[in-house]
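Structure, as C-alpha cells:
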Number of protein chains: 2
Amino acid sequence: MDQVMKNTGVLPDVDLRLSALQKNERRNQGAALEVYERLRRAIVEGELRPNEPLIEADLAKMLNVSRTPIRESLQRLAADQLVTPRKRGWAVREYSVEEIRERSEVRAALEGYAARLAATRATDDEIAAIASIQDERDGMTELTPAYRVESNRRFHDAIIAAARNTRLADDIFRVGQFYFNRHIAGLTTAEEQKLNQHDHREIIAALVARDARGAEDAMRTHILNAFTVFQRIVGF
Amino acid sequence: MDQVMKNTGVLPDVDLRLSALQKNERRNQGAALEVYERLRRAIVEGELRPNEPLIEADLAKMLNVSRTPIRESLQRLAADQLVTPRKRGWAVREYSVEEIRERSEVRAALEGYAARLAATRATDDEIAAIASIQDERDGMTELTPAYRVESNRRFHDAIIAAARNTRLADDIFRVGQFYFNRHIAGLTTAEEQKLNQHDHREIIAALVARDARGAEDAMRTHILNAFTVFQRIVGF
DNA sequence: GTGTACGAGTTTGCATGCAAACTCGTACAC
DNA sequence: GTGTACGAGTTTGCATGCAAACTCGTACAC
C-alpha cells in the first residue's frame, strides 16, 4: 500500500497548521521550530520518502542549519510518529493499512465525542454557522477538489471548536485527517460525494435537535465511511 | 488547586512505564531516553515543582550529562505537555482544574471506545481474565491503596489490550491516568470504593453480554465518576 | 520615595568538536 | 564461487564553545 501511495501521490496534504500548543512555543523556539515545520512538511508531502534514512548532516545542509536543531526536531517528529528509530538514527515512518485503520478508529472515538459535546455545548449561532458551511457547499454548482477539502475542514473544525475542549481538539489534530487530501478528493465518485453530503446533513440534523448520542453516532459513521472511501481509492 | 496538590502531595504516581513506542526507541537513544525518563519522573513525582523554571545547566549537573541530551529530552517532555515554554527556556507545566476536566473527557472518549471494541473483539478467555482481576480484588479482606491502584491498572489495561488497537492504547497512555495514585486511593471513602466496584462490575457485565454500547457507556460513567472523586479529594 | 538606566552575571540557542559505533566494499582464504 | 575479515569512511551521541538575549541588582536622578 505504501507502493500505492507512492504511485498515486496520496501521502501529501496533511494539515500543516501548527496546533495551539505549537503556536505557543513559537515565541522562544525560533529556528528549531522552523526546522521542525519544514521537516514535517517534507515528510508529509513525500519529499522525504517512507523508510528513507534521515542523515542529520544532510538535513542540516538542506535546511542550512547545524545538526543541533535538526536533532531536536527529530525528537518532536518522533513524538508525532512521523519518524521512527532505526538501529542508528531515524527513518521516515511508513504507515501500514492496519495503522490507518487504527487511526480512523481513534479519530472516530475522539471526533464522535466532540460532536456529542457540541450537541450540548454549542450556541445556536454556532450550530447555524456549521449548517451554513454545508449550505454554501451544497449551493455551489462546481466543486473543485481543493474547495471540497477546505470546506470539509471548516465543517469539522467548527464542530470541534463547539465542543469546548482544547485538549480534545489538539488530540484530534494530532491523530490527523491526513487521508482526505486534494488528490483523494479528486478521485471520489459522485455516489461517494452524495454519501458524504448525506453524512454531514445527518450530523447537522442531530446538532440542531441537540441530540448528543445522535450527533456522536452520525460523526462516527461519517468518519468510518470516509475510511472506506479511502480504502477503495488507494486500492486495498 | 496546584497549592492543594503541593500540600497533599497529590501529583505523584503517574504511570511511569514507557509506552510501546518509547520502548522501541530504547534501542538507539540511550542516555537521552534515560534522561527523558528521569526528568519525567522528577516532574511527575513533584521533585520539580509546577512553574519551576528548568535551567539546562542545573538539570545537566543533576543528571550528570551535558546539556545536549537535556535539551533533546525537553522536546519530548514538551510533546507530552509536561513542560511549557517560557520567554526563555522551559518550566514545569501546571495543570488547572479545567485541564484535568478536559483530560478526563478525552480519556472517557478513548477508553469508552476501547471498551466498546473489547466487547466485540475480546476472546472469551480475555473477558474471563478481566473478570478474574475484579474477583481477586473483591475476594480480598484487606485492600491497601497500593494494591487498589495496581489492580485498577491491570483491569483497565486488560480491557484496552482486548480492543486490539495499539494506537488507541498509546493515546490512552498519553492522556494519562495520572490522578489515581496511592495517595488518592488512600483518601477514598468506603462509599466511593463501593461505587468503583459497582462500575467495574457493570463494565464486566456488558463485556460478558457482548454489549458494545453498554460497555462503552459503563466505562465512560466510570471514568467521569473517578474524576468526581478526584475533585472531591483535592477539594475544588 | 519612585522611577529608570546601566552593566555584571546568567542562560539560552545554535555551532562545532571528537571518540565510539556502525557500514560497506575489497581482498583474501578455501 | 562463497564466505569472512579487515579497514577506510560514515554517522551518530554526547560534550563543549561562544555570541546574543535576557535578568536582576545597584546606583543615580528627580
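Numbers restart at 1 for each chain; the letters A, B, ... are given by sequence-line order, proteins then strands.
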Discussion item. I'd like to know whether A/Arg154 forms a side-chain contact (heavy atoms from CB on, under 4.5 Å) with A/Ser151, so could you lay out the CA-CA distance, the side-chain angles of the two residues, the decisive distance to 0.1 Å, and finally the verdict.
Written reply: CA-CA 5 Å; A/Arg154 276 190 289 135; A/Ser151 156; 4.3 Å; yes

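- Under the 4.5 Å side-chain criterion, counting only non-hydrogen atoms from C-beta, B/Asp171 is not in contact with B/Val175.
- Atom C1' of nucleotide D/dC14 and atom CD of B/Glu34 are separated by 15 Å, given to the nearest angstrom.
- In this entry the distance linking CZ of A/Arg86 with P of C/dT23 reads 12 Å, nearest Å.
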Worksheet item: What do the steps show when you test A/Arg67 against A/Glu72 for side-chain contact (heavy atoms from CB on, under 4.5 Å), and what is the final call?
Response: CA-CA 9 Å; A/Arg67 281 172 54 223; A/Glu72 289 172 10; over 6 Å; no

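- The distance from atom NZ of A/Lys87 to atom P of C/dC24 is 10 Å, rounded to the nearest whole Å.
- Side-chain contact check for B/Thr166 versus A/Glu102: some heavy-atom pair is nearer than 4.5 Å.
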Fill in: Contact letters for nucleotides 4-9 of chain D, in which S counts primed atoms plus P, OP1 and OP2 and B counts the base, heavy atoms under 4.0 Å
------

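- Taking for each of B/Glu56 and B/Thr68 the nucleotide of DNA chain C with the nearest heavy atom, the 5'-most of the two is the partner of B/Glu56.
- One atom, NZ of A/Lys61, and another, P of C/dT16, lie 12 Å apart when rounded to the nearest Å.
- A donor-acceptor contact shorter than 3.5 Å links the side chain of B/Asn165 to the backbone of B/Arg167.
- Rounding to whole angstrom units, CD of residue B/Gln75 and P of C/dT12 are separated by 13 Å.
- Pairing of C/dC22, defined by two Watson-Crick or G-U wobble distances under 3.5 Å, is identified with D/dG9.
- At the phosphate of D/dA15, OP1 or OP2 sits under 4.0 Å from a side-chain N or O atom of B/Ser66.
- Judged by distance alone, the side chain of B/Glu111 and the main-chain N or O of B/Ile223 form no donor-acceptor pair under 3.5 Å.
- Between the CZ atom of B/Arg88 and the P atom of D/dA20 there is a distance of 13 Å, rounded to whole Å.
- In this structure, A/Arg67 places its CZ atom 12 Å from P of C/dT16, rounding to the nearest Å.
- For the pair B/Ile55 CD1 and C/dG13 C1', the interatomic distance rounds to 14 Å; values are reported in whole Å.
- Relative to the ring axis of A/Tyr95, A/Arg93 places its NZ or CZ within 45° and under 6.0 Å from the centre.
- Shown here, D/dG3 forms a base pair with C/dC28; the pair counts as Watson-Crick or G-U wobble because both key distances fall under 3.5 Å.
- Counting any heavy atom pair closer than 4.0 Å across all strands shown, B/Leu54 reaches sugar-phosphate atoms only and no base atom.
- Searching all strands for a Watson-Crick or G-U wobble partner of D/dA15 with both distances below 3.5 Å returns C/dT16.
- Contacts of A/Ile70 with the nucleic acid, taken as non-hydrogen atoms under 4.0 Å apart, are absent.
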